[in-house]
Amino acid sequence: MSVLLTGIGELTTNDPTRDGLLGLVEDAAVVVEGSTIAWVGPAAEAPAADTAYDAGGRAVVPGWVDSHSHLVFAGDRAQEFAARMTGTPYSAGGIRTTVAATRAATDEKLTSHVARLVAEMRAQGTTTIEIKSGYGLSVHDEARSLAVARQFTDETTFLGAHVVPSGTTPADYVELVTGPMLKAAAPHARWIDVFCEDGAFDVDQARTILAAGTDNGLRGRLHANQLTYGGGVQLAAELGLVAVDHCTYLSDDDVSALADSGTIATLLPGVEFSTRHPYVDARRLLDAGVRVALASDCNPGSCFTSSMAFCIALAVRDMGMSPAEAVHAATATGASALDRDDVGVLAVGKRADLVLLDAPSYVHLAYRPGVPLVASVWQGGRPVVPVA
C-alpha cells in the first residue's frame, strides 16, 4: 500500500541533488511504498496514493542515525557521575565496574534492558542504531552481548578491546581478543572496534586487533583521542577507516590526516557534557574539510543519554556547528559513518525512516533544547511512535 504524507511545512531531505546542505523542500509531500520512499517534492505536485496522512504543517527530518552506542550492560554508575560533577576526573577504569554487573546479568535481563533503551531512542527519533559489546570482556560474555545486540540492529560492533580486564596481562588479553574471542564474536558482528587510549590499548595493539578483525571479515572502527592526545586518529586515517570516534584532543596533524584520508570524525558531545572534558571544535574540523558525524555514545559511564536532539543542541551551542550542520551530521553523515546510503536521506529509493517534529523547522531542535519535539516517528514506512 502506498501512503501520501502531505501537509509537511518544511522537509529536510539531505538529498545532494537539491539546493543547500539539507536539501530543504517547503510545503512538501512524500509518497511511501512499502518500506521505501517513492516520491518527494512540493505537495501541489504530489501523485495519488492509496491513503494519505496529514503532517499538519510540521517539519519532517530523516530519522536519526546513531552510529555509536553501548547499550548491552547491567548496573548503574550514577555515583561515578556525581563524583565527576564535584571534581573527580573520568578514567577508563570505571568500565570494569560495568563489566562485573554485566557478567552477572542473565541474557533475559540484558535483552530487556536493551529493548528499553532502544524504545527510548526510537521515541526520540532514532531509527538506525549501532550497538557495541565491550562490557563482557570474556569469550562467552562478548559473544552473548553481541547476540543480544543483533536482536535489535544489524549494526553490531565487537569491542572486546574496551579495557584489559582484571586478572590478565595486556599481551595475553590481546591474544585472547584476536583469537578465541574474535572467533566467537564475529558471527554476531559487522564491525570491530578498539578503545585506543591511555589506560586501554596503545596504537600497536589497536593495529593488531583491527587487522585480526579484517581477516575475519569485520570492518574497522576506533575510539581515539578521547582522554588525551595520542596516535589513534592517525592510525584510523592511515588504515582508511570509515570513521574514528571521540576526537576530543586533536593536533593540526590529526586534522590534516582526517581531511586527507576522508575518515569521518564522529563527535560525541554528550560525553564532554558528562565528563567535563573540553568540547571538540567542530568548526575547525569542518573548515578543514573533515566530514563530521554526531552520535550519542549512550553508555552507563561517560554518557548516559539516549537523546540525539540533545547532542545536536550541544553541538550547536558548544562546538561551533550551525543547526543545519548538526542535523546533517546526525543523519546523513551518521549514515556514512556506518557505510550506509539507504538511511539518513529522504529521497526516492531510500528507506522511509522519518521524524515529524512539533515545530515549523529543524532549527527548533537547537532553538528549544530539552523540549520533546517529536510528534511521530516512521520506521520502514510505518508509524512506530506513536504505535499505529
What is the ring orientation for [X] with [Y], classed by angle as parallel under 30°, tilted 30 to 60°, or perpendicular over 60°?
X	Y	answer
Phe304	Phe73	perpendicular
His162	His223	tilted
His246	His68	perpendicular

Can you confirm whether [X] sits close enough to [Y] that some side-chain heavy atom of one is under 4.5 Å from a side-chain heavy atom of the other?
X	Y	result
Phe201	Val164	yes
Leu137	Tyr173	yes
His188	Phe158	no
Phe81	Ser274	yes
Leu5	Val32	no
Tyr90	Gln226	yes
His328	Leu22	yes
Val40	Arg18	yes

Backbone N/O of [Y] and side chain of [X]: donor-acceptor pair under 3.5 Å:
X	Y	answer
Asp215	Ala212	no
Glu45	Pro42	no
Glu175	Ala171	no
Thr157	Ile192	no

Determine, using the 4.5 Å side-chain heavy-atom cutoff (strictly less than), whether [X] and [Y] are members of one ILVMFWY cluster.
X	Y	result
Val355	Val345	no
Val271	Ile264	no
Leu346	Val374	no
Val327	Trp378	no
Trp191	Leu218	no

* Asked: If you round to the nearest 0.5 Å, how far is CG of Asp245 from CG of Asp297?
  ->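 Here the rounded value is 8.0 Å.
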Quick check on [X]: does its [atom1] atom have over 12 non-hydrogen neighbours (other residues, nucleotides or ligands) under 6.0 Å away?
X	atom1	result
Arg103	CZ	yes
Tyr249	OH	yes
Arg84	CZ	yes
Gln79	CD	no

Would you say the side-chain atoms of [X] and [Y] include a donor-acceptor pair closer than 3.5 Å?
X	Y	value
Thr333	Arg291	no
Ser133	Glu142	yes
Arg77	Thr97	no
Ser256	Asp253	no
Glu155	Thr128	no
Asn14	Thr331	yes

* Given Met319, which of Asp281, Leu285, Leu294 fulfils the side chain to side chain contact (heavy atoms under 4.5 Å, CB included) condition? -> Leu294
* Looking only at heavy atoms, which two atoms of Ala295 and Pro269 are closest? And how far apart? ->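 Looks like O-CD, 4.2 Å.
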* Asked: So, for Ala46 and Leu4, which heavy atoms are closest and what is the spacing to 0.1 Å?
  ->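 Between these two residues, the closest heavy atoms are CB-CD1, 3.8 Å.
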* **Working for salt bridge (Lys or Arg N to Asp or Glu O under 4.0 Å), residues Arg284 and Asp252** => CA-CA 10 Å; Arg284 174 191 182 200; Asp252 289 344; 2.9 Å; yes
* Asked: Where do Arg190 and Glu130 land on the salt bridge (Lys or Arg N to Asp or Glu O under 4.0 Å) test, with the steps shown first?
  -> CA-CA 10 Å; Arg190 183 184 182 210; Glu130 182 264 11; over 6 Å; no
